[in-house]
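Owing to the predicted nature of the structure, the values given are computational and were not obtained by experimental measurement.
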Amino acid sequence: MVKSLSILGSTGSIGKQSIAAARHLGIPVRALTAQRKVDLLEEQARLVQPEYVAVFDEKAAKDLKVRLGDTSIRIGSGLEGLMEAATLSSVDCVVTAVSGAIGLRPTMAAIREKKRIALANKETLVCAGDVVMAASKKEGAEIVPVDSEHSAIFQCLMGRKEGELKKILLTGSGGPFRGRKREELEEITPQQAVAHPNWSMGAKISVDSSTMMNKGLEFIEAMHLFQVDPEQIQVVVHPQSVIHSMVELVDGTVIAQLGITDMGLPIQLAMTYPQRCASPFEGLDFWKMSDLTFEEPDLENVPCLRLAMECAKERGIAPCVMSAANEIAVHKFLGGELGYNRIYDAVQAAVDHFKPVEDPDLDTILEYDTLARQYVRENF
């Protein structure tokens with residue numbers, strides 16, 4: 001079990017649940033960071049009494065410094081503040097729950113300090129999977145996934161020897177519009193898109209789940225995290241979200257991980273691994289469980305998933321461009337500036353616009369992240 005935590009993105013859904021898990025386990029939280037939610041961040045800081053808090057927005061950081069003036073908590077700001085939170089010498093595990101490519105440099109810094117990464121930031125591996133995994137291997141830094149699907153795969157592979165894995169079976173609910181044709185989704189509203197049938201999540205990830213872009217991002221993450229080829233990953237639509245993912249071994253055996261739909265479980269495991277500790281959650285009640293069903297994804301009517309799988313095969317900057325373009329397109333949709341089906345159109349256009357770049361370094365990846373965002377802002 002880890003001894004102390006830094007939580008990057010503490011005011012988001014994963015961040016809040018990470019604080020709850022740490023308090024349940026008695027693990028001290030030494031650092032918190034947020035984009036700008038000063039009210040909640042102040043409340044969290046007074047609750048867990050960290051030694052350091054960083055706010056990316058500098059004006060908000062000054063406000064927080066005044067608010068916490070009666071404490072000994074140090075206040076930082078900007079990217080420098082995130083970097084310090086990720087590398088505190090008193091911390092041995094960093095929960096990366098910030099959204100977007102902003103989490104890349106702090107994660108790399110934490111890896112260089114050989115800290116455990118409780119990975120909840122998709123962009124880290126989607127945009128820079130080759131770079132991040134090479135660094136973690138070189139430094140001997142553990143990466144333990146927090147996503148329910150990747151945590152499930154991680155658990156299914158515990159104790160397995162290299163060469164035993166044949167295929168990853170990545171499950172997904174199919175979202176609230178499963179089974180609908182693309183033309184039927186033209187008038188979908190943000191309120192409809194964020195209403196996920198099984199999970200309670202933030203607005204952006206809920207929209208991604210509805211387009212199945214989220215599954216596409218997870219596809220790319222799994223490719224890097226478990227060091228497999230795209231052909232070794234099969235997406236399985238499982239509407240009930242009881243089986244969080246599976247692995248098929250070379251002898252044909254399939255191992256599945258089942259659990260309730262609560263992110264608190266994989267978050268806790270990322271902190272306690274390789275141990276398991278009692279949690280405050282109830283287990284599955286098999287007597288109340290409905291039938292478990294499985295379907296093949298309809299790649300014609302969920303083109304975001306198809307595009308992500310294509311970008312996984314292309315590698316280079318394609319996944320980064322796709323992820324960055326999608327983030328801006330989704331924000332435009334949530335703000336009423338872009339139609340639902342135009343999310344895919346914007347992302348596909350961005351991927352087509354930029355020429356391939358093989359084996360990009362971190363600076364190149366971040367450059368294209370910025371360019372892809374700018375492209376969608378200016379053209380959609």
Side-chain angles (χ1 to χ4, degrees), residues 99-101 122-123 126-127 149 170 172-197 199 201-223 230 233 235-237 239 295-356 368-380:
S99 178
K122 294 184 183 302
E123 289 78 10
V126 170
C127 296
E149 294 85 355
L170 183 66
S173 71
F177 311 130
R178 179 176 61 88
R180 294 201 205 178
K181 301 297 182 185
R182 191 161 185 254
E183 53 268 25
E184 297 178 63
L185 304 177
E186 196 65 43
E187 304 302 323
I188 290 297
T189 66
Q191 291 73 25
Q192 291 170 313
V194 300
H196 194 281
W199 295 91
M201 305 180 292
K204 194 267 181 182
I205 193 172
S206 294
V207 174
D208 283 348
S209 293
S210 75
T211 64
M212 290 199 74
M213 175 59 86
N214 193 51
K215 204 53 51 183
L217 298 174
E218 290 172 2
F219 185 100
I220 298 170
E221 281 186 277
M223 178 181 75
I233 307 173
V235 175
V236 179
V237 176
E295 304 167 12
E296 186 177 352
D298 180 357
L299 297 182
E300 181 179 342
N301 288 296
V302 285
C304 285
L305 174 57
R306 185 188 67 232
L307 176 60
M309 293 165 74
E310 292 168 354
C311 288
K313 293 177 182 177
E314 185 176 329
R315 300 179 89 111
I317 62 159
C320 171
V321 168
M322 180 200 72
S323 176
N326 177 70
E327 190 169 331
I328 300 304
V330 169
H331 285 315
K332 279 179 167 282
F333 165 69
L334 289 170
E337 302 174 58
L338 198 67
Y340 183 78
N341 283 344
R342 294 283 282 163
I343 294 172
Y344 165 75
D345 295 337
V347 180
Q348 179 71 72
V351 171
D352 291 341
H353 178 74
F354 294 98
K355 294 180 180 179
Y368 275 92
D369 176 87
T370 300
L371 290 172
R373 292 168 190 272
Q374 183 180 341
Y375 177 84
V376 175
R377 287 192 187 103
E378 294 177 352
N379 292 280
F380 287 88

Output for pair (K122 NZ, I220 CD1), nearest 0.5 Å, gives 11.0 Å
Rounded to the nearest 0.5 Å, the CG atom of N301 sits from the CZ atom of R178 at a distance of 13.5 Å
Roughly how far apart are L299 CG and L307 CG, rounded to 0.5 Å? 11.0 Å
Residues in salt bridge (Lys or Arg N to Asp or Glu O under 4.0 Å) contact with E123, at least two apart in sequence or another chain: none
Applying side-chain contact (heavy atoms from CB on, under 4.5 Å), can you list everything that pairs with P303, at least two apart in sequence or on another chain? R182, R306, Y344
Which residues satisfy the salt bridge (Lys or Arg N to Asp or Glu O under 4.0 Å) test with E314, sequence neighbours excluded? none
Scan the side chains in residues 315-331 for donor-acceptor partners under 3.5 Å anywhere in the protein, sequence neighbours excluded, and list what turns up.
unit_1 : atom_1 : unit_2 : atom_2 : d
R315   : NH2    : D130   : OD1    : 2.8
N326   : ND2    : D208   : OD1    : 3.0
E327   : OE1    : R373   : NH2    : 3.2
E327   : OE2    : R373   : NH1    : 3.4

Rounded to the nearest 0.5 angstrom, the CZ-CG distance for F219 and N214 is 14.0 Å
Applying the side chain to side chain contact (heavy atoms under 4.5 Å, CB included) criterion to L305, which one of E310, M213, M212 satisfies it? M212
Just verifying a value: how many Å separate C304 SG and M309 CE, rounded to the nearest 0.5 Å? 13.0 Å
Residues which pass salt bridge (Lys or Arg N to Asp or Glu O under 4.0 Å) with R342, listed by chain and number, not counting sequence neighbours: D345
Could you pull out all residues at least two apart from T370 that satisfy side-chain contact (heavy atoms from CB on, under 4.5 Å)? none
Salt bridge E218-K215, side-chain N to carboxylate O under 4.0 Å: yes
More than 12 heavy atoms of other residues, nucleotides or ligands under 6.0 Å from CD of E183: yes or no? yes
Do V207 and V194 come within less than 4.5 Å of each other through their side chains, counting heavy atoms only? yes
For S173 against V237, the heavy-atom pair lying closest together: O-CG1, 3.7 Å
Just how far is it from atom CD of Q192 to atom CZ of F177, taken to the nearest 0.5 Å? 5.5 Å
Look at atom CD of E378 and say whether more than 12 heavy atoms of other residues, nucleotides or ligands are closer to it than 6.0 Å. yes
